[in-house]
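Structure record follows, encoded as structure tokens.
Numbered from 1 within each chain, the chains take letters A, B, ... in sequence-line order.
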Amino acid sequence: MRPILMKGHERPLTFLRYNRDGDMLFSCAKDHTPTLWYADNGERHGTYRGHNGAVWCCDVSRDSSRLITGSADQTAKLWDVKTGQQLFSFKFSSPARSVDFSVGDKLAVITTDPFMEHTSAIHVKRIADDPQDQVGDSVLVLENPEGRKRINRAVWGPLNQTIVSGGEDAVLRIWDAETGKLLKETDKEVGHKQTITSLCKSADDSHFITGSLDKTAKACLWDMRTLTLIKTYTSGVPVNAVSLSPLLDHVVIGGGQDASAVTTTDHRAGKFEAKFYDKILQEEIGGVKGHFGPINALAFNPDGRSFSSGGEDGYVRLHHFDSDYFNIKI
Amino acid sequence: MAELDIDTRAAKLGIDWSQVNLDSIQLPPGENFGIESDDEGVYHDDQLEFDTGFGNIIVVDNLPVVPKTKFEKLENVLKKIYSQLGAIKEKGLWMPVDPNTGMTLGYCFIEFNTPQEAQNAKEKTHGYKLDKSHIFAVNMFDDFDRLMNVKEEWEAPQTKPYVPGENLQKWLTDEKARDQLVTRSGPDTEVFWNDARQKNTELVHKRSYWTESYVQWSPLGTYLVTLHKQGAAVWGGADTFTRLMRYQHNMVKLVDFSPGEKYLVTYHSQEPSNPRDASKVEIKVFDVRTGRMMRDFKGSADEFSIGGPGGVAGASWPVFRWAGGKDDKYFAKLSKNTISVYETETFGLIDKKSIKVDNVVDICWSPTDSILSLFVPEQGGGNQPAKVALVQIPSKVELRQKNLFSVSDCKMYWQSSGEYLAVKVDRYTKTKKSTYSGFELFRIKERDIPIEVLELDNKNDKIIAFAWEPKGHRFAVIHGDQPRPDVSFYTMKTTQHGGRVTKLGTLKAKQANALFWSPTGKYIILAGLKNFNGQLEFFNVDELETMATTEHFMATDIEWDPTGRYVATAVTSVHEMENGFTIWSFNGKLLYRNLKDHFFQLAWRPRPPSFLSPEKEEEIAKNLKKYSKKYELEDQDVSLLLSEQDREKRKALKEEWEKWVKQWKSLHEEEKLARQNLRDGEISDEEEEEDEAKEVKEVEFEDVIDVTEEVVQE
């Protein structure tokens, strides 16, 4: 499996996202410019210029017409995927950390960081069909009970009825998307012990996986409705990114030694490896090495035949699986 | 007196309190009006003890009965004897006289200033021979009551029924002949079986906060000692770890067992309040089984170290070095210019005298015999040569000694069965600018203890590590320059030249800085720790061939299991990443890993030495094929069973997952319509998913075609 190295960002990668058809890959980095790539050969298609800060997260609509990005410049922007035009800018008073379109793309959930006197919050915005009608008002604002702790990711639950969030306080919460009521949160004993860095839903929204910096650095699989821990995958290093294969029962976990410690130790100490686990048996299948910094972002192509990883080193590595991969037996 | 009392009293006496100048009042000298000074109470306490306690009075019996004329002379003799041992109080000697005859009664009372002096006088003069017929019988006055109450008739002490204790050696009877190891990580201390067949560990006992600093096995593996604020405790037993005994020693820092694990030495040092003072050291020696303290040693740290100022803070542990063998008969302490050798029968010095050796800096016991090797460096700017000597204990006879010239340092290495002693000698070159090393090899078991000098092929090579083969005749040396030193093997015995040391071979440019022989010999691990990031080379010295070269990245510790079958390598919490341990087979095959954060310590449980005679062992080694058959079969069974279990476990997991997914699928189905509505009537995703699945199958097929095409191209 020879990876395609995609060098287009000048700063560490933060997020990767495929569109539903699996032909386009959106990448976000700390260098202000989200980039669109051809998911097949890794050629750059174009960039989205307009942000004035690190871009933390993005999501693309089901029909691949709209892109939403969240940035440290305290805005979340809507873009026209095809033209690269900025359609709207949601302004906040603190950096926007994560964005997610609802089923049907009529709503978007955006989380904001704690900043100065502002506590972390989850905002729900209505996305208008016609960008001319777009307004910046929030439909709903959810205040994090642990206001000084960042929320790293918030996504929609089944049928847009709930919102699932996780962040620095290591607790996963399910909110009612209508009323904003907190429905459920995870038990400290069962869940993660440290910052939840990433969250990825399964293709059918039935479960999701979270990665955390906690000591055992595990990724957990949660029942989306009941928030029960089903599986734990133990990695030796802090986890920054997780992804679920839509095709096989595999999960992929990426991370590595904290970037600030990289220069002080041997390169082998970092473990900058995308590790594959069997989703059901929780056993490690293998790993894909290559990055020379921690892995910050992982995404599976919706067809499950390729995946890409983005690292602190500024590279996106696009891997098309060999045929052997589909015949792995353990 | 409370202020209120004072006011009322003053009002009663008609004194205007505000008019009184307190400072002007002068008390008559010597009068205190019954007001006690604060420190007077302390003084009183002392006084009380002096007045009422009879602890400082001794009774001396069996004195000569003398008439009045000789009374004074006898009194003077007694005063002379006892004033040497302590200060006799004024009028503290009282010899009663028979009022009828005027003769003395043959005993006297002597009062000392302190009970300690009295005790000392009693111990020193009990049995003192004044002359043939007058042997002193000295008792403490306070003891008389007790002695009077002793019953005249002897009563047989009740025999306690025998309670069989636990089999402390039960772990040795493990059916699968596994070994145990203890690990500390985070707050947990855990004892495991190393189940190499299952490629995993099996927990024996786990406890959080079991110890406050570290744990240690006793040398024969019977006990596990834990350290606490109040002292040390030993644990062991048949099935699980129960506390067998406690040893009270506040703030104990270090412990050490005698080699036969009869005694436990505990160490505590107190940092001085004044940084210029030496720290205080307290060492206690306990009997392991009874828990009785046999002796304690107290003093400043200087008395327990030879480093002097600028040396190590506190003493180098173990302070007391035990003579080899299982008898635990002698232990020695090195201090400035003296070697104190104690015997455990009395816990006193042998012959009540230390051995005086000027400037001695290092001592080392033979691991099997009571022979002490010692090293004295050069003195007088090289006028007096350095010396290595072997001293037989308890006779203190010097068995052999060798003078060495222009020596900068010496290090002594005993071979584990006490047959050889290697002394690594660092000598100055002629210019005195650098040093080079050589070895003096003593053959202890041969007549007259012949000494052989060995120099490396390249005299200037630095010696990085040295290790004897346990129970064997070979040794390994790492020498040369970092980062790629050489490793050489030598033997003390060869068929060609019996009594000569011969080189077996040299491995060039190895990434190694530490040597770990298997406890059974033959195999050795050349390890590159620290700078080398945990390079491991498993080497067979019999065949002089490398069995495996691997790496346990960042490994800090390497320990062979006591049987030499497995090796544990560990990354302890000096590194942040990848803490935990890895178990290897003796030939360098990775068996399993066990990751644990904040990993502090790993220690195999030692085994007592085998009861088999060397001949028997040899016979077994010869017929190994015969014996191993049985175990190979067992291994096979286990691996079959294991895969069976694994399969079943996997099946169960899969089923569980399927069940769960099915449940979800039905829910998903129910929501289909709602989802469709949310998407403005777009088709439901299930259908699409099926489409995708089909697509994927096609793609896989394409892939296969691709492969065949490539073959054609070739």
So with a 6.0 Å cut-off around [atom1] of [X], is the heavy-atom count from everything else above 12?
X      : atom1 : result
B:R197 : CZ    : yes
A:E178 : CD    : no
A:Y38  : OH    : no

How long is the straight-line distance from [atom2] of [Y] back to [atom1] of [X], given to the nearest 0.5 Å?
X      : Y      : atom1 : atom2 : result
A:L281 : B:W657 : CG    : CH2   : 11.0 Å
A:I280 : B:K654 : CD1   : NZ    : 4.5 Å
A:I230 : B:E656 : CD1   : CD    : 9.0 Å

Chain B heavy atoms under 4.5 Å from A:D249: which part of the residue, side chain, backbone, both or neither?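 It is the side chain, since no backbone atom gets that close.
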
Using a 4.5 Å cut-off on heavy atoms from C-beta on, say whether the side chain of A:K231 contacts that of B:L653.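 Side chain of B:L653 against side chain of A:K231, heavy atoms only: contact under 4.5 Å found.
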
